[in-house]
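Because only heavy atoms are used, hydrogens play no part in the values below, and waters and symmetry mates are left out as well, while side chains stay in.
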Amino acid sequence: TRVRSSAASDVYKRQLWTLPASNSKNGKLHEVPLSVPAIEVLSALPRAGAYVLSTTGGARPIGGFTKFKAQLNREMARLLTEHGEPPADPKAPVGDWRIHDVRRTAATGMARLGVPGSTISKVLNHAETSVTAIYNRYEYLPEKKRALELWAKHVEGLIRPAPANVVALPRAGR
């Protein structure tokens, strides 16, 4: 997560977030294809310093998620109130949740959308422990990109649903 703004233009141009092995739990480089909505969210973040993800406007990288989670809770409480459903507890508008729940939700959602478990595992950067993993060094970048684009489209549909008189049609060849 310590991507400096000098690399940010490359992140936006390639639509690819590269986490160095030193920042990865399993000690391996991890490339995360970014969907258009993800690029839009990152581009909209205030950034005056060197870091793309920061709770200090870019002066320092995110060192923990306490501030970030508090900001998310405030925004969720605002949105719920705006939609006529004010939460009982504005500090925990959707109950007790952890940042790791976001990964679980995305993984479960992608599975529900038909993404194979092996691709979800690659998206999450889980370490492969099978004998096949010793021989198969393919990174599944196009598959991860399709999975994350599918998830982004699903999330966007939840946030901005199509009007009732609009019918989504499948693309040709799919």
* Nearest heavy-atom neighbours spanning G27 and A21 -> O-CB, 3.2 Å
* Asked: Under 4.5 Å between any side-chain heavy atoms of V32 and K144, yes or no?
  -> no
* Given R78 and T81, is the side-chain contact (heavy atoms from CB on, under 4.5 Å) satisfied, shown in steps? -> CA-CA 5 Å; R78 184 190 69 76; T81 301; 5.8 Å; no
* Structure fact -> Checking E75, K69, R74 against Q71 for side-chain contact (heavy atoms from CB on, under 4.5 Å), the one that qualifies is R74
* To do: Determine, step by step, whether M110 and H154 satisfy the side-chain contact (heavy atoms from CB on, under 4.5 Å) criterion, reporting the C-alpha distance in whole Å, the side-chain angles of both residues, the deciding distance to 0.1 Å, and the verdict.
  => CA-CA 9 Å; M110 284 186 277; H154 173 74; over 6 Å; no
* Output the distance between atom OG (S35) and atom CD (E156), rounded to the nearest 0.5 Å. => 7.5 Å
* Asked: So do E31 and R14 actually touch side chain to side chain, heavy atoms under 4.5 Å?
  -> yes
* **From L113 atom CG to T108 atom OG1, the distance as rounded to the nearest 0.5 Å** => 11.0 Å
* Asked: Roughly how far, to the nearest 0.5 Å, is the CD atom of E85 from the CG atom of L79?
  -> 11.0 Å
* Quick check: does any side chain N or O of T105 sit under 3.5 Å from a backbone N or O of D101, one acting as donor and the other as acceptor? -> yes
* **L42 side chain near W17 side chain, heavy-atom distance below 4.5 Å** => yes
* Validation row: K91, N73 side chains within 4.5 angstrom (heavy atoms) -> no
* When clusters are formed by joining ILVMFWY residues with side-chain heavy atoms under 4.5 Å apart, either directly or through shared neighbours, do V41 and L19 land in the same one? -> no
* **Audit row: E143, Y138, side chain to side chain donor-acceptor pair (under 3.5 Å) steps and yes/no** => CA-CA 11 Å; E143 293 82 358; Y138 180 58; 3.0 Å; yes
* Asked: Taking atom NZ of K28 and atom CD of E128, what is their separation to the nearest 0.5 Å?
  -> 8.0 Å
* Full working for side-chain contact (heavy atoms from CB on, under 4.5 Å) between L72 and W97 -> CA-CA 11 Å; L72 280 174; W97 66 280; 3.7 Å; yes
* Asked: Under 4.5 Å between any side-chain heavy atoms of T18 and H30, yes or no?
  -> no
* Asked: Considering only heavy atoms from C-beta outward, does the side chain of L80 approach that of P86 to under 4.5 Å?
  -> no
* Asked: Counting only heavy atoms not in Y135, do more than 12 fall under 6.0 Å of its OH?
  -> no
* With a 4.5 Å limit on heavy-atom distance, are the side chains of L148 and L34 in contact? -> no
* Mind checking whether L150 and I159 sit in one hydrophobic cluster, side chains of I, L, V, M, F, W, Y counted as touching below 4.5 Å? -> yes
* Structure fact -> Smallest heavy-atom separation, N26 atom then N125 atom, equals ND2-O, 2.9 Å
* For the hydrophobic clusters of this structure (ILVMFWY residues joined by side-chain heavy atoms under 4.5 Å, transitively), does one cluster hold both V102 and V94? -> yes
* Structure fact -> In terms of heavy-atom contacts, A111 and I120 come closest through N-CD1, 3.5 Å
* Would you say R146 and Y140 make side-chain contact, with heavy atoms under 4.5 Å? -> no
